[in-house]
Engineer: 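Here it is, the structure, as structure tokens.
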Amino acid sequence: SAGEPIQTLADLAAPLADSAPADMPAVWEARFSPDGQHIAIRSQGNVLKIWHLTGERANSITPLTHDDTIHSFSFSPGSSKDNALLATGGDDNTLRLWNLAGKQQEILFNETTFNNIRFSANGQVLAAVDADNRINLWQVGQTQLTPVISLVRYKNSINSLEFSPDHQSLVSAGADEQVIVWNLDSLTLAGLMNSACQVVDDYLTTNRQLDDGDRNLCQGTDYEHNE
């Protein structure tokens, strides 16, 4: 009936007693994957478990392991197990990128822990907050992350981070009473290149000492000089 649970965690664990013992630690967070076929479960400790569902039953579990406590995770918007990704961050000062089969695609080392991990709605940008209150952005590739920029405006902890549905903006909120909306178009690699080309446009077109290779530096970018 309405409002009744379909299954409890204990029910899901029933056919998988060896993987989910009765003394399983407290669960801090559980999320469905975008396709609804997987549930990621973050408990105490350094292992996040992906429960793979068949109908309303779990048929297998994939553990994702850090060297220390995991604090945050996020599914990419991929629509299937073949192209979806999951990012995790923990006290081992790493951010890790996995496919849903449990294969680690990328590992990034940092001086501090990562938290508030979020994918953009199109899955092309990943954001995470570090313990120095920086918002770090990466371009998401098939198996790797390419650093874009670190945003520094907060003196105290950043408590919330979220992309807009059109993936053009990012909103952040922190303990120092700031809510900031960031324009991502100007922060992507392409956006930064376009901004840089706009700044040096006059220099590239008027400096007679440049050779053609340098003068055409911005060709192929979205920014085009208009005569």
Side-chain angles (χ1 to χ4, degrees), residues 1-110 112-130 136 138 140-145 161-163:
S1 61
E4 291 296 315
I6 296 174
Q7 279 187 293
T8 66
L9 182 61
D11 292 332
L12 287 172
L16 297 163
D18 292 339
S19 299
D23 60 350
M24 182 176 181
V27 175
W28 298 120
E29 193 173 6
R31 293 184 189 174
F32 273 105
S33 62
D35 64 1
Q37 298 303 305
H38 317 276
I39 300 176
I41 297 174
R42 181 173 70 86
S43 304
Q44 294 174 341
N46 65 327
V47 179
L48 181 142
K49 295 180 179 179
I50 302 177
W51 298 65
H52 305 291
L53 307 180
T54 299
E56 297 174 354
R57 305 294 297 180
N59 59 25
S60 63
I61 294 176
T62 299
L64 310 181
T65 304
H66 277 243
D67 296 328
D68 207 335
T69 302
I70 297 173
H71 284 297
S72 183
F73 69 92
S74 180
F75 281 107
S76 75
S79 58
S80 71
K81 183 177 179 178
D82 293 333
N83 58 24
L85 298 169
L86 191 143
T88 57
D91 277 345
D92 57 359
N93 298 346
T94 66
L95 185 145
R96 303 176 189 234
L97 193 67
W98 316 78
N99 64 23
L100 297 194
K103 181 179 179 181
Q104 186 171 278
Q105 305 290 319
E106 174 77 297
I107 178 171
L108 301 178
F109 294 91
N110 194 34
T112 67
T113 187
F114 287 107
N115 215 327
N116 282 305
I117 299 172
R118 297 289 184 272
F119 279 96
S120 62
N122 62 3
Q124 295 180 6
V125 180
L126 180 68
V129 175
D130 64 31
N136 303 277
W138 297 268
V140 181
Q142 196 73 17
T143 60
Q144 64 182 11
L145 299 172
L161 195 67
E162 199 66 54
F163 285 95

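Here the structure is a predicted model, which is why all the values come from computation and not from measurement.
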Engineer: Could you give the distance from OG1 (Thr65) to CD1 (Ile70), rounded to the nearest 0.5 Å?
Structural biologist: 7.0 Å

Engineer: Passes side chain to side chain contact (heavy atoms under 4.5 Å, CB included), Thr94 versus Asp67? Steps please.
Structural biologist: CA-CA 9 Å; Thr94 66; Asp67 296 328; 5.9 Å; no

Engineer: For the residue pair His66 and Trp98, categorise the inter-ring angle as parallel (less than 30°), tilted (30 to 60°) or perpendicular (more than 60°).
Structural biologist: tilted

Engineer: Looking at CG of Asn83 and CG of Asp35, how far apart are the two atoms once the value is rounded to the nearest 0.5 Å?
Structural biologist: 9.0 Å

Engineer: Could you pull out the closest heavy-atom pair between Gly102 and Thr62, with the gap in Å?
Structural biologist: CA-CG2, 3.4 Å

Engineer: Okay, side chain of Thr113, backbone of Asn93: is any donor-acceptor separation there less than 3.5 Å?
Structural biologist: no

Engineer: Begin from the C-alpha positions of Leu95 and Ile117 and carry the test side chain to side chain contact (heavy atoms under 4.5 Å, CB included) through to its verdict.
Structural biologist: CA-CA 9 Å; Leu95 185 145; Ile117 299 172; 4.3 Å; yes

Engineer: Determine, stepwise, if the pair Arg96 / Leu64 fulfils side chain to side chain contact (heavy atoms under 4.5 Å, CB included).
Structural biologist: CA-CA 10 Å; Arg96 303 176 189 234; Leu64 310 181; over 6 Å; no

Engineer: Who passes salt bridge (Lys or Arg N to Asp or Glu O under 4.0 Å) against Glu29, sequence neighbours left out?
Structural biologist: Arg31, Arg42

Engineer: Can you see which heavy atom on Ala121 is nearest to which on Pro77, and at what distance?
Structural biologist: O-CG, 3.2 Å

Engineer: Within this structure, what is the CG-CD1 distance for the pair Asp92 and Ile107, rounded to the nearest 0.5 Å?
Structural biologist: 6.5 Å

Engineer: Looking at CZ of Arg118 and OG of Ser76, how far apart are the two atoms once the value is rounded to the nearest 0.5 Å?
Structural biologist: 14.0 Å

Engineer: Please identify each residue that fulfils salt bridge (Lys or Arg N to Asp or Glu O under 4.0 Å) with Asp130, with sequence neighbours left out.
Structural biologist: Arg134

Engineer: Mind listing the closest non-hydrogen atom pair of Val129 and Asn116 along with its distance?
Structural biologist: CG2-CB, 3.9 Å

Engineer: To the nearest 0.5 angstrom, please state how far the CD1 atom of Ile41 sits from the CH2 atom of Trp28.
Structural biologist: 14.5 Å

Engineer: Would you say the side chain of Asn46 lies within less than 4.5 Å of the side chain of Asp68, judging by non-hydrogen atoms?
Structural biologist: no

Engineer: Looking only at heavy atoms, what is the nearest atom pair of Ala128 and Phe114, with distance?
Structural biologist: CB-CD2, 3.9 Å

Engineer: Nearest 0.5 angstrom please: Phe163 CZ to Leu126 CG, how far?
Structural biologist: 7.0 Å

Engineer: For a quick test of reading the model, state the closest non-hydrogen atom pair linking Gln105 to Asn99 and the distance between them.
Structural biologist: NE2-ND2, 3.0 Å

Engineer: May I ask you to test the Val140-Val125 pair for a side-chain heavy-atom distance under 4.5 Å?
Structural biologist: no

Engineer: How close do Pro63 and Val47 get, heavy atom to heavy atom, and via which atoms?
Structural biologist: CB-CG1, 3.8 Å

